[in-house]
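Each chain gets a letter, A, B and so on, in the order the sequences are listed, and its residues count up from 1. Quick caveat, the model's predicted, so the values are computed rather than measured.
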Protein chains: 2
Amino acid sequence: MGFAIDRHSPVPAWQQLASQLRAHIATLAPQDMIPSTQELVKETGLAIGTIQKAVSALKAEGLVYAVSGRGTFKR
Amino acid sequence: MGFAIDRHSPVPAWQQLASQLRAHIATLAPQDMIPSTQELVKETGLAIGTIQKAVSALKAEGLVYAVSGRGTFKR
DNA sequence: ATGCATTTGTTCGTATGTATG
DNA sequence: GCATACATACGAACAAATGCA
């Protein structure tokens, strides 16, 4: 997938990730799953909390919805 | 102010606080400041992160806006 | 039905950075 | 310079829901 964070950027890591996720989600069909928190931790090297903050933003935007125990999906 | 969290409630602490803050904010005038993160920590006994999550929700709702170094205010 | 692995959700605590007055 | 206040980021633990063997 290639999510990469520039840690020297003035843009916060969670915002960078949120932007990249938005671009990825744009390529998906509704009900498609986005990478799990753990996958994103591995890919980006960010802490869990930082991943959650990025994904929370997308949920707040109504771009995705989460189902506990299953995953997070494009709306 | 009297923000009190019921730790046995099934409702998450951050949601309880967000609800109580909404009620408090309803009594304020625009540009009035809400309690600082540290004040809320003292009043509620919750961790900083939990306070921030509650206030973030209110920001996402457009109910308040934050100015770093000054405080968080009713919109 | 039981148990396990996966995944999201909540909460805690800490440290550091940045902005304001 | 200093105190206050919000913002970012880290790491950890536990709970709850889901799906599958």
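Checked against dG19(D), dT8(D), dC6(D), the side chain of R70(A) finds its nearest nucleotide in dG19(D). Checked against dA5(D), dC10(D), dA17(D), the side chain of S68(A) finds its nearest nucleotide in dA17(D). Residue A47(A) places its side chain closer to dG11(D) than to any other of dG9(C), dA7(D), dG11(D). For P12(A), counting side-chain heavy atoms from C-beta on, the closest listed nucleotide (dT8(D), dT11(C), dA19(C)) is dT8(D). With distances taken from any side-chain atom of K59(A) to the nucleotides dC6(D), dT8(D), dG9(C), the minimum falls on dG9(C). Picking from dC10(D), dA7(D), dA16(D) the nucleotide with the shortest atom distance to the side chain of Q52(B) gives dA7(D). Of the listed nucleotides (dT20(C), dA9(D), dT8(D)), dT20(C) has the atom at the smallest distance from the side chain of V67(B). Checking dT8(D), dT8(C), dT10(C) against the side-chain heavy atoms of W14(B) singles out dT10(C) as nearest. Of the candidates dT8(C), dT11(C), dA7(D), dT8(C) carries the atom nearest the A66(A) side chain, counting heavy atoms from C-beta on.
At distances below 3.5 Å, at least one donor-acceptor pair connects side-chain atoms of E43(A) with backbone N or O atoms of F3(A). A donor-acceptor pair is defined here as one N or O able to donate and one able to accept, closer than 3.5 Å; no such pair exists between the side chain of Q15(B) and the backbone of P12(B). The backbone N or O of W14(B) lies less than 3.5 Å from no partner atom in the side chain of K53(B), so there is not a single donor-acceptor pair.
Among the heavy atoms of the strands lying under 4.0 Å from G71(A) are primed sugar atoms or P, OP1, OP2 only; no base atom is included.
For dC10(D), the OP1/OP2 oxygens have a side-chain nitrogen or oxygen of T50(A) closer than 4.0 Å. For the pair T72(A) and dT7(C), the criterion of a side-chain N or O lying under 4.0 Å from OP1 or OP2 is not met.
Closest heavy-atom contact between A66(B) and K59(B): CB-CD, 4.0 Å. Taking each heavy atom of P30(A) and R75(A) in turn, the nearest pair found is CB-O, 3.9 Å.
Rounded to an integer number of Å, the gap from K42(A) NZ to dG11(D) C1' is 17 Å. I48(A) places its CD1 atom 9 Å from the P atom of dA12(D), with the value rounded to the nearest Å. Summarising the geometry, the separation between NZ on K53(A) and P on dA9(D) is reported as 8 Å, rounded to the nearest angstrom. Computed from coordinates, the M33(A) CE to dT18(D) P distance equals 15 Å when rounded to whole Å. The distance between atom CD of E39(A) and atom C1' of dA5(C), rounded to the nearest whole Å, is 14 Å. Atom CZ of F73(A) and atom P of dA17(D) are 16 Å apart (whole Å). Computed from coordinates, the H8(B) NE2 to dT10(C) C1' distance equals 16 Å when rounded to whole Å. Between L46(B) atom CG and dC12(C) atom C1' the separation is 10 Å, expressed in whole Å.
Going from atom CD1 of I34(B) over to atom CG of L40(B) covers 6.5 Å, rounded to the nearest 0.5 Å.
Nucleotide dA7(D) forms a pair with dT16(C), judged by Watson-Crick or G-U wobble geometry with both contacts under 3.5 Å. Summarising the base pairing, dG1(D) is matched to no nucleotide, lacking a Watson-Crick or G-U wobble pair whose two defining distances lie under 3.5 Å.
Looking at which nucleotide of DNA chain D each of Q16(A) and G69(B) is closest to, the 5′-most match is held by G69(B).
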